[in-house]
Every structure is written in C-alpha cells, then in structure tokens.
Amino acid sequence: MTLILRDKAALRTWRAGLGANTRVGFVPTMGALHDGHISLMAQAREAADVVIASIFVNPLQFGPNEDLSRYPRPIEADIAKLEVAGVDALFLPSVDDMYPPGASTFVDEEMVSLPLCGAERPGHFRGVATVVLKLFNLVQAQVAFFGQKDAQQCAVIERMVRDLDVPVEIRRGAIVREADGLALSSRNVYLSPEDRAAAPLIHQSLRAVEAAFEGGERDAAKLEQIGRNVLAQSDRIRVQYWDVRDPESLGAIASVGARGALLAVAAHLGTTRLIDNLLIGGRG
Ligand code: PAF
C-alpha cells in the first residue's frame, strides 16, 4: 500500500518516523508515469529499504508559452502504478505548499545548464534545480534516481549536489524505449498518429551517428550533419538542436576524443517538443 503524503508536514512526520539506519531511495517525478519512471522505482527498490516517489508538476520549470496547463495529470492511474511498483510513499504536494507566497530564493547552476535545453528554455533549469533541492531537503533520501533521457537535467543536478554539498547519491537510469526506438516520455501522448509515426527518426538519427562514429568519423560538425540528414527525411520534424557535446561539461567540441561525447537532440513534432540522447565512446 502506497502511503500518500499530501503536504510537507505529513512528509516530515513520515520521514521522522523512519529508523536512523533506514536507507531511503527517492524518485522525483511530474507524474504521467510510464515504464521509464517505473524502471527508476525498481532501481530504487533494489538500492534502498524504503522507496518514496514524488509527483509535482513544478510551475517554476515551465516557460510562459510551454505546456504547464495541458501537462497530463492522470493521478489515479499513477497511484495504481506506484502500488504495483511497491513504492512505499508518494509525496503529492500542492503548488501553494511548495511555493509559499513571496518565495524568492532560487538555485542557479551556471555552466552545464546554459547550452542545449537551457538555451532554448530560459529559466527551465533554475526551476528544476530549485524544486529538486527543496525535495532533497524535505525527503532526505540517501539515494535519488533520474532518467538519462533528461541527460542535461542529470548533469545539472549532479553539479548542484556536488557544488552545494547535498548529502545524496545521484543515480541515472537508462533510457527506456518503445519497440521502434522512441524514448518513453510523458509528452508522447500529445503526438498525432502522423507525428508518432515520424518520431522514431529521432532515435534513428542518434544510431546513424553512432554508426558513423564506430566507422571512424570523429568530426563533430560532420556527425551532427549526419544526424540532421536523418531527421530531414520527415517534414513533420523541426530540429531545435542536434549537437555533439562533451559528456561532462556539455560544452561544444570540434571532434570526439577519448572522453567520448553526448549526442543530444531536441525537435518539435507539431506542438510537442521531444528530446533524446546517446553517449558514444568514453562512458557511452
Ligand atoms: O524530470 C522531471 O520529471 C522533473 O524535471 C523533476 C526532476 C521531477 C523536477 O520537477
């Protein structure tokens, strides 16, 4: 039975009741749970004595023209999935509880958050870092899980935890994909049938670049062009970025060296923005 904690006070009481030696695993989410989230819950189950998830559609990380109001909120279905996944507790706070009137303190990471999605979505990572630090302070987990699909988010959170000495271990869960390669995302439900049919090209573009890298190509601009050429097969896909980046700093690189690279893509299909990535060489 998943215990539902609807505000910070309930969470604090629950947390205080756990034994000092209890290892807590935490999976923060915005709900609309899919198998990618569930795989993170399973990893938390393996790594911890007690697993807590959060569902909070964080207004601070949405821009004025983004999809905050239409973001899917199937809360009953989500709770049922958490029950099946054996999650012990769900933190389900309101916006007012998380952000009391006049809240004026934010977390700004100023390097890995700047390129890629940071450049396209000003303020997004400030919103992510702020809410994740608040959640870490409230939940006080020893280990927390984030999906590799949001590779830049993982990098920002890892950097924040390091720089601000937050006592939590961050683990990344592998991207979970549909059979045709489309990375699972809560936003996939927005895709029209035509856009859904075109969407696997995103993963195919990553794999094409991986194949070119394995064939010996190291030039970042040439690799990026190979990726863009694959996406050009569909006029439904509008590329926002298709970049070969340093896997740690996310800075631009001229060629792929011993550290390998993060291949990162963001594209619009209709009004839906999808992201995906692949590590090559090095850690990949
Ligand atoms: O990845 C998400 O779902 C969100 O960005 C997160 C980490 C829960 C913060 O709101």
Side-chain angles (χ1 to χ4, degrees), residues 5 8 11 25-41 43-44 51-63 66-75 77-78 81-82 85 87 89-99 103 106-109 112-113 116-118 120-139 141 143-161 164 166 168-176 183-190 250 264 266 272-277:
L5 307 162
K8 292 191 285 194
L11 172 63
F26 177 39
V27 186
T29 81
M30 297 204 303
L33 302 177
H34 51 65
D35 284 351
H37 295 113
I38 299 305
S39 78
L40 298 179
M41 310 289 167
Q43 289 165 54
V51 177
I52 176 167
S54 63
I55 295 179
F56 180 62
V57 183
N58 173 34
L60 207 58
Q61 69 189 75
F62 287 79
E66 294 185 352
D67 56 350
L68 174 62
S69 59
R70 73 165 185 159
Y71 198 84
R73 291 167 170 86
I75 191 63
D78 283 349
K81 288 176 187 173
L82 294 176
V87 171
L90 167 64
F91 181 44
L92 189 61
S94 66
V95 172
D96 288 349
D97 192 38
M98 285 298 279
Y99 296 115
F106 306 95
V107 179
D108 273 315
E109 191 288 327
V112 294
S113 66
L116 304 172
C117 293
E120 303 293 341
R121 304 180 68 189
H124 171 68
F125 287 118
R126 167 190 244 221
V128 170
T130 301
V131 80
V132 170
L133 184 62
K134 285 168 67 71
L135 290 166
F136 284 167
N137 286 338
L138 289 160
V139 173
V143 55
F145 296 81
F146 295 85
Q148 170 66 17
K149 188 177 79 65
D150 297 303
Q152 189 174 13
Q153 171 171 281
C154 290
V156 170
I157 291 165
E158 287 162 357
R159 188 60 64 103
M160 174 187 79
V161 162
L164 300 184
V166 186
V168 63
E169 177 194 345
I170 305 299
R171 294 203 196 164
R172 298 188 188 204
I175 299 176
V176 179
L184 296 193
S185 164
S186 304
R187 291 186 165 95
N188 290 351
V189 295
Y190 300 149
L250 307 188
T272 304
R273 181 177 182 276
L274 299 181
I275 58 172
D276 202 349
N277 68 82

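Just so you know, residue 1 is the first one in the sequence shown, and it goes up from there. Atoms within a ligand are numbered from 1 in the order they appear, just like the ligands themselves.
- For atom 5 (O) of ligand 1, the nearest non-hydrogen atom of the protein is Gln153 OE1, 2.6 Å.
- A salt bridge links Asp67 to Arg187: one of the charged nitrogens lies within less than 4.0 Å of a carboxylate oxygen.
- Between Arg273 and Glu120 no salt bridge is recorded (no basic side-chain N to carboxylate O distance below 4.0 Å).
- When only non-hydrogen protein atoms are considered, atom 9 (C) of ligand 1 lies nearest to Gln61 OE1, 3.3 Å.
- Within the 4.0 Å heavy-atom criterion, the part of Thr29 lying near ligand 1 is the backbone and not the side chain.
- Each of the atoms 9 (C), 10 (O) of ligand 1 lies under 4.0 Å from some heavy atom of Val131.
- Qualifying ring-ring contact (aromatic ring centres under 6.0 Å, His included) partners for Tyr190, counting only residues two or more places apart in sequence or in other chains: none.
- Residues that satisfy the ring-ring contact (aromatic ring centres under 6.0 Å, His included) test with His124, not counting sequence neighbours, are absent from this structure.
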